[in-house]
Amino acid sequence: MTTSDTRHTHTTLISIVAPFYNEAEGIDYFRDAILAVVEGIADAAFEIVCVDDGSKDSTLQQLIALSTSDPRFRVLELTRNFGKEAALTAGIDFARGDAVIPIDSDLQDPPELIPVLIEEWRKGAEVVLARRADRGTDSFLKRKSAEMFYSFHNRLSSVKIPQNVGDFRLMDRVAVDALKSLPERQRFMKGLFAWIGYKTVVVDYVRKPRAAGETKFSGWKLWNFALEGITSFSTAPLRVWTYIGGLGALLTVTYAIAIILRTLIHGVDVPGYASLLVAVLFFGSLQLISVGLLGEYIGRIYLETKQRPTYLIRREYGAVDES
Ligand code: UDP
Ligand code: MG
């Protein structure tokens with residue numbers, strides 16, 4: 001193992017990475033909770049990489065103040081709101097630790113679990129997953145739809161995303177470097193995390209309600225997120241149309257033969273408008289759906305070929321490299 005030598009020494013650096021989008025009300029709770037944990041771990045140094053994802057409230061000002069008073073807090077200011085996936089990517093790219101722990105800034109991922117993650121890492125795991133033992137704090141609808149998404153996704157895609165595991169986890173430097181080497185710009189982190197593999201250990205926890213503020217993910221945003229996940233990691237939705245088309249063609253030929261035979265035996269008859277109309281409309285909509293699906297993938301190809309960066313950084317605040 002490449003980094004096991006740094007896991008037990010005083011020079012071990014652990015990076016905690018947290019994305020912030022309009023979290024001004026929660027920053028004090030976040031600081032207190034993180035510091036309580038960090039101070040309890042004597043045999044490692046910490047840096048807390050806070051990514052401001054284009055917040056419109058006082059989040060950035062508060063984060064800057066925090067990093068001025070405590071150099072362990074580093075702040076990355078993105079030029080606008082790039083979304084959580086991009087903010088997390090930025091934070092992970094800038095993290096310098098031997099291990100990196102992404103965590104939600106609203107404290108829904110319990111910082112108290114961090115010592116447990118670190119302990120599993122020191123025992124040799126390269127990735128330590130934090131799994132929600134129950135999702136009681138999420139609404140029934142969110143729970144059900146998440147469950148449906150995971151089972152649908154995992155049935156279609158060869159990369160299986162573990163159920164009830166979010167971005168909260170610990171990754172060893174080797175896993176982080178592997179993640180950083182993946183070239184795609186549209187980053188569906190849950191999928192990428194699963195794709196890299198590595199020796200993984202799972203730790204259970206209970207998910208709490210937000211410390212302050214409210215969720216940034218509406219139903220519509222989650223739906224698009226799910227589509228993104230599926231189209232990033234599976235081409236089954238593209239392939240299925242070949243089979244549906246083939247089946248349709250087979251049925252149509254059978255039907256055509258039946259009509260020819262009937263016409264030969266009984267002569268021409270006029271009725272049949274309704275069934276014609278149904279068939280035309282049905283296949284018309286099938287075509288629209290499949291064109292839409294193609295569009296979904298072509299759109300992704302288009303976005304990737306532009307090779308635009310995942311995020312842009314306006315400024316970095318806090319600890320300048322002393323190593
Ligand atoms: N977040 C972000 N950019 C966004 C939306 C959210 O950086 O565009 C951050 C947010 O500040 C929080 C985390 O991502 O730390 C999770 O967001 P949220 O709590 O709204 O999602 P939920 O927990 O409801 O799924
Ligand atoms: Mg949350």
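Remember, it's 1-based here, ligands and their atoms both numbered in the order they're listed.
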Worksheet item: With sequence neighbours excluded, what pairs up with Trp195 under the side-chain contact (heavy atoms from CB on, under 4.5 Å) test?
Response: Val159, Leu182, Phe233
Fill in: Min side-chain heavy-atom separation Ser105-Tyr21 under 4.5 Å
no
Worksheet item: Are the side chains of Leu88 and Val51 in touch, meaning some heavy atoms are under 4.5 Å apart?
Response: no
Worksheet item: Take atom CD in Glu112; do more than 12 heavy atoms of anything else shown fall under 6.0 Å from it?
Response: yes
Fill in: Angle subtended at the Mg ion (ligand 2) by Gln108 OE1 and Asp106 OD2, rounded to 10 degrees
100°
Fill in: Check: Tyr198 and Ile196 side chains under 4.5 Å, non-hydrogen atoms
yes
Discussion item. Give the residues near ligand 1 by chain and number, with the criterion being a heavy-atom distance under 4.0 Å.
Written reply: Pro19, Phe20, Tyr21, Glu23, Asp53, Asn81, Gly83, Lys84, Asp104, Ser105, Asp106, Gln108, Lys142, Arg207, Arg210, Thr215, Lys216, Phe217
Worksheet entry | 4.5 Å side-chain heavy-atom contact, Pro111 and Ile103 | yes
